[in-house]
Each structure stands twice: as structure tokens, then as C-alpha cells.
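A quick write-up on the structure given underneath.
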Amino acid sequence: MKIVTWNVNSLKVRLSHLLQWLEANPVDVVCIQETKLTDDKFPLAELNAAGYQVAFSGQKTYNGVAILSKLPIEDVVRNNPHYEDLQQRLLAATIGGVRFICAYVPNGQEVGSDKYTYKLAWLDALRTWVAAEMAAHEQFAILGDYNIAPEARDVHDPAEWEGRIHFSLPERAALQELMALGLSDAFRLFEQPEKQYSWWDYRQMAFRRNRGLRIDHILLSKTLANRCTACHIDRETRKWEQPSDHAPVVATLAD
DNA sequence: ATGGCCCACATGGTGGGA
């Protein structure tokens, strides 16, 4: 089973990229963030035609998440039952015996801002929910845009980013606490090339200079980590015309 | 020099992203 997370930054704009990518990459489950579409505008027919069943939870202009799957999607839950949130950032579903959560963690905007406070509170509540889901599902995976770079090697210039949004100590501590529930970063289960990032700013030719952050992650329960045989970031889409600023992250699970 | 770019909503410029 191949599983993917990809922040597409508007599914309306990026649908053709998604379909093109799926055609070249026959994967089983795709967690998508920032669809920026209300549910009535979701491109369900196009994705069904590509061979995917879909669960989605969107809103106007901002946020919005979806899970695509070749296998049947069961027990869909929208939002965190432990946190009231008008923003559509979370979607859970069971596929092929695996419990998935698709997560779009708040950006936080600036350390110390109201949005930063919301980000940390949101992450705290996420941990409560994930603990409950993991207690109920041995095979558990949470994929998404975490908007947090876990370590210095996940940041193109750690000195420049130290203490700033996406790399502040409280954010990194929140991610560590989530992972302390027993989750492994699929990407770090394997030897990886240096300077691997999943997001690059649109400005300043950041992609060409590889000035990026690794903020999109696939976290796996112990049982799934033992099944995981590979994980990589697919930089190719970022070279396409009018790309998302995020690249897909792909993990392979043995049967 | 703290912005530059991209998207949505709008139809000029603002809010948000990361």
C-alpha cells in the first residue's frame, strides 16, 4: 500500500496536477490539504473517474481536507471530537484495516500571535484525539501538513529560522509530544539525502536555491512503521508550471 | 530594506499562507 500526503494549495487550480501525478504514481491513499473548496464544488466526478473514492471536508476560501482511496473508505469522521473548530482541517477514515487521519495543522502566522496560540491549542487537542484513535487502532497513520519542521536538518538555514514560526521550540515540542504517543516519522526510518524539504516559498527563487522546509509528514504507529519499506519526497511536481508550493510525500507499506 | 509570490474573493486591494 502506497500512501501520500500533499498540500495542493487549491484543488481547483491543482486538479490537473493531481490527476497527472496519480496517473504516473499508482498510489492507494492520498491525504490532501488546502482544497479551498466548499463540498458542493468538490471535483468528485473527476477523481472517481481516475479510480478513487473520496472523503472530503471543505469550506470557502481556506483550509479543506480530503482523502482519496482506491479501496473502500469507512468510518469517516470530520474534525476533532475533542476540539470545536469552524476550520475544516481534519478528516479520519479507515481504509484496508488502517486508521488514517488527514491533518492540516494551523500555520500560526507569527510566534506570539493569536493564530500561534490557536496552533498550539489545536495541537494539544489533536494529541488527545490521536491517543484515543491509537488506543482503538493498532494500525494508525496521520499524514499531513504539520507546518512544523522537526529538526535543524529539516530547515535550509536553521540559524535564520530559529525561534520563528514553523521552527519555534514550543511548536517542535508539540510535535515531539504527539510523536511520543508512539509515532514514527516515516521519512526518518530510512537513510535520506541531505537537504530534503517538502515546501519552498514561491518568492526569491526558493525552490531553485533549495531554500525549503520539511513540514509535511507521515507519522506511523509502531505496527505500521514495521510495515514501512520506503519513504520519499517527490520534488518533481514543484518543477511543473503553476505548482503547489508543497511537494507530495510518499510512503510504502508492505502487505 | 521583513518585501518579493501565489490563491481566493474580488474586480481594487486585502487576508492568508509558510
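Below, chains carry the letters A, B, ... as their sequence lines are ordered, and counting in each starts from 1. Since the model is a prediction, treat every value here as computed from it, not as a measurement.
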### Listed nucleotide nearest any side-chain atom of A/Tyr104, set B/dC5, B/dA8, B/dG17
B/dG17
### Query
Nearest to the side chain of A/Gln204, which nucleotide is it out of B/dA18, B/dA8, B/dG4?
B/dG4
#### Entry: Non-hydrogen atoms of A/Ser113 and A/Gly108 that approach each other most closely
OG-O, 3.1 Å
### Summary
Heavy-atom closest pair (A/Pro158 atom, A/Ala152 atom, distance to 0.1 Å) is CG-O, 3.4 Å
With rounding to the closest Å, how many angstrom separate the [atom1] atoms on [N] and [M]?
N	M	atom1	answer
B/dC6	B/dA10	C1'	16 Å
B/dG16	B/dA1	P	27 Å
B/dT14	B/dG4	P	12 Å
B/dA18	B/dT2	P	23 Å

### Message
Run the side-chain hydrogen bond (donor to acceptor under 3.5 Å, both in side chains) test against A/Asp40 and tell me which residues pass, sequence neighbours left out.
### Response
A/Thr38
### Message
Would you say A/Arg14 places a side-chain N or O within less than 4.0 Å of OP1 or OP2 belonging to B/dC7?
### Response
yes
### Query
Any side-chain N or O of A/Gln33 under 4.0 Å from OP1/OP2 of B/dG17?
no
#### Entry: Heavy-atom neighbours of A/Asp157 CG exceed 12 at 6.0 Å
yes
### Query
Any chance CD of A/Glu160 has more than 12 other-residue heavy atoms, nucleotides or ligands included, within less than 6.0 Å?
yes
### Task
Could you tell me whether A/Phe207 contacts a base, only the sugar-phosphate backbone, or nothing, with contacts defined as non-hydrogen atoms closer than 4.0 Å?
nothing
### Query
How is A/Asn63 classified with respect to the nucleic acid when contacts are heavy atoms under 4.0 Å: base, sugar-phosphate, or nothing?
nothing
#### Entry: Side-chain H-bond candidate by donor/acceptor type, A/Glu34 with A/Tyr104, under 3.5 Å
yes
Whole Å only: how far is the [atom1] atom of [X] from the [atom2] atom of [N]?
X	N	atom1	atom2	answer
A/Ile32	B/dC7	CD1	P	16 Å
A/His246	B/dC5	NE2	P	18 Å
A/Ile148	B/dA18	CD1	P	12 Å
A/Glu34	B/dC7	CD	C1'	9 Å

### Query
Near DNA chain B, under 4.0 Å by heavy atom, which residues of residues 149-164 of chain A?
none
Could I get a table of every N or O pair under 3.5 Å where one atom is in the protein and the other is in nucleotides 10-16 of chain B?
none

### Query
Taking the side chain from A/His217 and the backbone from A/Ile142, do they hold a donor-acceptor pair closer than 3.5 Å?
no
### Query
Do you reckon A/Leu189 sits in the same ILVMFWY cluster as A/Met179, going by side-chain contacts under 4.5 Å, direct or chained?
no
